[in-house]
Amino acid sequence: MKDFVGVIDSGVGGLTILRQLTENASRNFLYIADHAFCPYGTKNEQTVFRRADTLTGFCKDTGASEVVIACNTASRFAAELSEKYDLPIYDVVAPTCRQVMETTVNKRVALLATNGTIKGRAYRNILEPLGITVYDFPCSSFVPFVEQNATSTVSCYQAVDQALSNLPKCGADTVILGCTHFPLMLLQISHYCPSAKIVQCCCNLPNSDILQASPTVEYLTTGDVDFAANAAKWYGNISFKHISL
Ligand code: DGL
């Protein structure tokens, strides 16, 4: 496959972004789920950088013309990796912030994200200078439930309650699902913010001259292929190939 768009995430959360991308562009895509290192949100910055670096380098070496970091936790490395690999690299934080700016009226927003995203301050760095107050809700505990396809379990509902019981008190009119895994828990999350507007992550892949008549999508995981397929069941019957990276 040549001239493809590489789409990378720690696991299956980035498929929520891939779905938007495939709907909007007739391009070849290569999705890489880094299950061997999932989750990213509780790992230190160097580890997440190294993984994003490795996955981006692989995409470049195998013929990617662009890379989408479909992961908020790793998005902060987009500019550095773009320079290193001389490749257009798109993140999900900046375009999502643009949606937030158009959505919030009272300029109070709740950020539901991994511990790593919150610590990295990517959303705050963009939104606070615009006079928007960001209330952090660390929700790394949600990610394994999505990966294990276990979002309907009692333990998942308990984890959501623990993380979000104070959400109604902050007065936010907008809630950012600042992790690509979280749209898969929309039902559980929206219970805690029934009147707020929910903004999901997005990515703006610019229009390209490279269009495919019969676009293909391939799926790789650095982990177990059956685990990956089970985690991605909501997306369809995906056949992952294993890759050691
Ligand atoms: N889906 C990713 C994000 O948007 C990472 C989740 C994780 O691996 O902790 O941040």
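Read the numbers this way: they start at 1 and go in the same order the structure lists the ligands and their atoms. In this text the structure is predicted, and so the values were computed from the model without any measurement.
Of the charged side-chain nitrogens involved, none lies within less than 4.0 Å of a carboxylate oxygen, so that Arg108 and Asp173 do not count as a salt-bridged pair. Salt bridge present: Arg124 and Asp136 bring a charged side-chain N and a carboxylate O closer than 4.0 Å.
With contacts defined as side-chain heavy-atom distances shorter than 4.5 Å, the pair Asn204/Tyr90 does not qualify. Counting only heavy atoms from C-beta outward, the side chains of Val225 and Phe227 never approach each other to under 4.5 Å.
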Find all protein N or O atoms under 3.5 angstrom from an N or O atom of ligand 1 and list the pairs with distances, or write 'none'.
residue  : atom   : partner : partner atom : Å
ligand 1 : 1 (N)  : Asp9    : OD1          : 3.2
ligand 1 : 1 (N)  : Thr180  : OG1          : 2.8
ligand 1 : 1 (N)  : His181  : ND1          : 2.7
ligand 1 : 4 (O)  : Asn72   : N            : 2.9
ligand 1 : 4 (O)  : Asn72   : ND2          : 3.0
ligand 1 : 4 (O)  : Thr180  : N            : 2.9
ligand 1 : 4 (O)  : Thr180  : OG1          : 3.4
ligand 1 : 8 (O)  : Ser10   : OG           : 2.6
ligand 1 : 8 (O)  : Tyr40   : N            : 2.7
ligand 1 : 9 (O)  : Tyr40   : N            : 3.3
ligand 1 : 9 (O)  : Gly41   : N            : 2.8
ligand 1 : 10 (O) : Asn72   : N            : 3.4
ligand 1 : 10 (O) : Thr73   : N            : 3.1
ligand 1 : 10 (O) : Thr73   : OG1          : 2.6

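Shown here is Lys119, whose NZ atom has no more than 12 heavy atoms of other residues, nucleotides or ligands within 6.0 Å.
Defined by atom type and a distance below 3.5 Å, a donor-acceptor pair is missing between the side-chain atoms of Ser10 and Arg51.
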